[in-house]
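In what follows, a single structure is set out as structure tokens and then discussed.
By convention in this document, chain letters (A, B, ...) are assigned in the order of the sequence lines, proteins followed by strands, and residues within each chain are numbered from 1. Because the structure is predicted, anything quoted here is derived from the model rather than measured.
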Amino acid sequence: MALTAVKGFNDILSDESLRWQHIEQTARRVFELNGFGEIRVPVMEKTELFCRSIGDATDIVEKEMYTFTDKGGNSVTLRPEGTAGVMRALIEHKLYAQDPVAKLYYMGPMFRYERPQKGRYRQFHQIGAEITGVNDPLADAQVLNMLTSFFREIGLSEPTLQINSLGCPECRPAYRTALRSCLEERIGGLCEDCKRRFATNPLRILDCKVPGCIEKSAGAPSVLEHLCSSCNDHFSSVKRYLDLSATPYSINSRMVRGLDYYTRTTFEMVTGLLGSQSAVAAGGRYDGLISQLGGPSIPGIGFAIGVERIALLLGNQQFTSSPDLFIATMGAGERDIAFSLMDGLLKSGLRVEMDYEGKSLKSQMRRADKLKARYSVVIGENEVATGSATFKRMADGLQSDAALTVAGIHSLIMKLEQ
RNA sequence: GUGGCUGUGGUGAAGCGGUUAACACGUGCGACUGUGACUCGCAUAUUCGAGGGUUCGAUACCCUCCAGCCACCCCA
């Protein structure tokens with residue numbers, strides 16, 4: 001193999017591309033129904049943006065970013081996630097000044113330098129949505145309902161919604177302390193990773209898959225019991241709204257997120273069908289992020305969907321795209337007529353294919369079959385002379401005549417369709 | 001960054017020291033001189049991820065490298 005794509009960067013070939021289009025179109029439809037508008041932001045930002053938003057000490061910033069110095073000597077980074085860039089744009093264009101509430105969605109590639117595996121790539125794609133400017137738990141519930149609708153519309157019932165609350169800067173430090181002191185006495189029984197986590201991020205111990213650690217952390221205090229009264233009220237309201245709209249969910253007080261900016265409500269859509277990658281969509285509230293980036297103090301909440309992971313779940317479903325008519329020609333003389341007929345039909349909105357290279361009739365018919373054309377027609381000297389031809393419905397071989405004009409063909413198809 | 005597994009055509013693969021490198025699918029052409037699907041025929045890897053070594057001989061054994069996959073870490 002002479003030249004290959006960069007490790008972890010994939011080509012999306014035509015069959016899979018149809019699946020992606022289905023995912024993207026469904027997202028657009030559902031999001032726009034909910035009043036969200038698309039925002040397109042660059043795939044590259046100043047490195048500082050991600051350090052300040054995602055958090056300097058997170059794995060993403062510490063070891064997974066595609067960061068380099070451009071020719072002007074500036075440190076730039078290929079976006080590892082979408083929210084930071086959208087918030088930067090919101091602040092830069094003062095979108096909150098025209099309308100205190102912004103409802104935005106985006107889709108596109110993200111980049112993280114990780115070892116690729118099933119459902120995880122160095123260039124991967126996310127579809128995300130954000131609401132800024134609303135403190136009320138109603139916004140949390142709408143975002144969760146919209147995410148749930150997306151999965152319903154896409155035809156996936158398997159992933160389930162898990163929610164949690166991480167508290168706010170008021171109550172989280174106290175919880176961290178309580179968790180640390182509880183785990184301190186049992187640290188000896190934990191796995192090596194968890195011993196490290198104890199120092200770096202004790203919340204992660206709750207998420208460990210090692211049986212011994214699960215056992216040791218079983219009685220650890222729950223975040224939900226340490227929420228301050230306003231965070232507790234907020235979480236209760238979110239649950240109440242979800243109940244009100246009959247949105248199914250479960251509470252997972254051990255759920256941890258990888259980005260520092262999350263506050264209060266966090267959530268994941270999880271599945272057991274993707275090996276070790278269980279999250280197919282995730283998000284949460286980020287009330288401190290915008291001010292942290294130098295904007296006004298306005299709250300936000302949003303999520304991101306992993307497109308590759310959804311495509312994997314959709315893997316067995318077929319999406320097809322086939323022509324309405326295939327025009328076969330007998331000789332070079334008929335190809336001019338076939339070509340202008342095809343051109344007219346295409347302009348009228350019918351999907352038409354014809355032979356490009358003067359192949360044998362047999363080859364042309366095989367191709368019509370292979371493309372799954374609904375109808376075929378053969379144009380030879382007789383057809384040119386009479387101005388009409390016999391059309392064949394490929395599914396059952398039914399033949400009928402029609403004039404070789406755009407109007408004639410349309411009315412034939414119309415007639416045969418009913 | 002760490003570990004495990006695997007690299008034979010467009011694809012799925014058999015072969016595991018000497019073969020015309022099996023078989024199947026796909027693709028192309030033809031049987032049918034104006035009609036696809038089913039059937040049949042023919043064609044389709046001078047070569048087995050790359051480089052080196054062992055050997056009279058290596059796709060096969062050994063080493064190195066590269067790539068892919070899966071898992072850990074972490075995450076969508």
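- Each ring pair (Phe, Tyr, Trp, His ring centres under 6.0 Å) pair with one or both residues in residues 131-184 of chain A, not counting sequence neighbours, appears once here: A/Y175-A/H226.
- Salt bridge status for A/R257 with A/E268: present, with a side-chain N to carboxylate O gap under 4.0 Å.
- With A/Y249 as reference, A/D243 is the one residue of A/D243, A/T160, A/T148 to meet the side-chain hydrogen bond (donor to acceptor under 3.5 Å, both in side chains) rule.
- The CZ atom of A/F9 sits 17 Å away from the C1' atom of B/rA67 (whole-angstrom rounding).
- Taking the six-membered ring wherever Trp is involved, the centroid distance between the rings of A/Y105 and A/F36 does not fall below 6.0 Å.
- If you check residues 29-50 of chain A against RNA chain B, you find no residue with a heavy atom closer than 4.0 Å.
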request  = Take nucleotides 31-40 of chain B nucleotide by nucleotide from the 5' end and write B, S or -, depending on whether a protein heavy atom sits under 4.0 Å from the base, only from the sugar-phosphate, or from neither.
outcome  = B--BBBB---
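- Taking atom C1' in both B/rA22 and B/rU47, one finds a spacing of 15 Å when rounded to whole Å.
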key: Secondary structure string for RNA chain B (Watson-Crick or G-U under 3.5 angstrom, | for other-strand pairs)   = ((((((((.[[[..)..(....]]]((((((.......))))))....[[[[[..)....]]]]])))))))....
inquiry  = Within the 4.0 Å limit for protein heavy atoms, which parts of nucleotides 71-76 of chain B are touched? Write it as a string from 5' to 3', B for base, S for sugar-phosphate only, - for none.
reply    = BBBBBB
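- Taking the P atom of each, B/rC72 and B/rA14 are spaced 28 Å apart, rounded to whole Å.
- Residues A/R351 and A/D324 are not paired through a salt bridge, judged by the lack of any N-O separation under 4.0 Å between the basic side chain and the carboxylate.
- Side-chain N/O atoms of A/D401 and A/S388 include no donor and acceptor closer than 3.5 Å.
- B/rA45 and B/rC38 have their P atoms separated by 24 Å, with the value rounded to a whole Å.
- Note: A/Y286 and A/Y261 have perpendicular aromatic rings, judged against thresholds of 30 and 60 degrees for the angle between ring planes.
- If you take atom C1' in B/rU59 and the same atom in B/rG51, they sit 16 Å apart, rounded to whole Å.
- If you check the side chains of A/T271 and A/E158, you find a donor sitting under 3.5 Å from an acceptor.
- The pair A/D343-A/K347 meets the salt-bridge criterion, since a charged nitrogen lies less than 4.0 angstrom from a carboxylate oxygen.
- Look at the C1' atom in both B/rU44 and B/rC25: the space between them is 13 Å, to the nearest Å.
- In this structure, A/F339 has no ring-ring contact (aromatic ring centres under 6.0 Å, His included) partners at least two apart in sequence or on a different chain.
- A salt bridge links A/R285 and A/D140; the closest N-O separation between the charged side-chain nitrogens and carboxylate oxygens is under 4.0 Å.
- A/K370 has no carboxylate O lying under 4.0 Å from a charged side-chain N of A/E353, or vice versa, which leaves the two without a salt bridge.
- Using atom C1' as the reference point in both B/rC75 and B/rC16, the two lie 41 Å apart (nearest Å).
- Only the P atoms considered, B/rU55 is 43 Å distant from B/rA71, to the nearest whole Å.
- Taking OG1 from A/T266 and CZ from A/F235, the interatomic distance works out to 8.0 Å, rounded to the nearest 0.5 Å.
- If you take CD of A/E357 and C1' of B/rC29, they are 14 Å apart, rounded to a whole angstrom.
- If you take atom C1' in B/rG17 and the same atom in B/rG53, they sit 15 Å apart, rounded to whole Å.
- Under a cut-off of 6.0 angstrom, the local environment of CD in A/E417 is crowded, with over 12 non-hydrogen atoms contributed by other residues, nucleotides or ligands.
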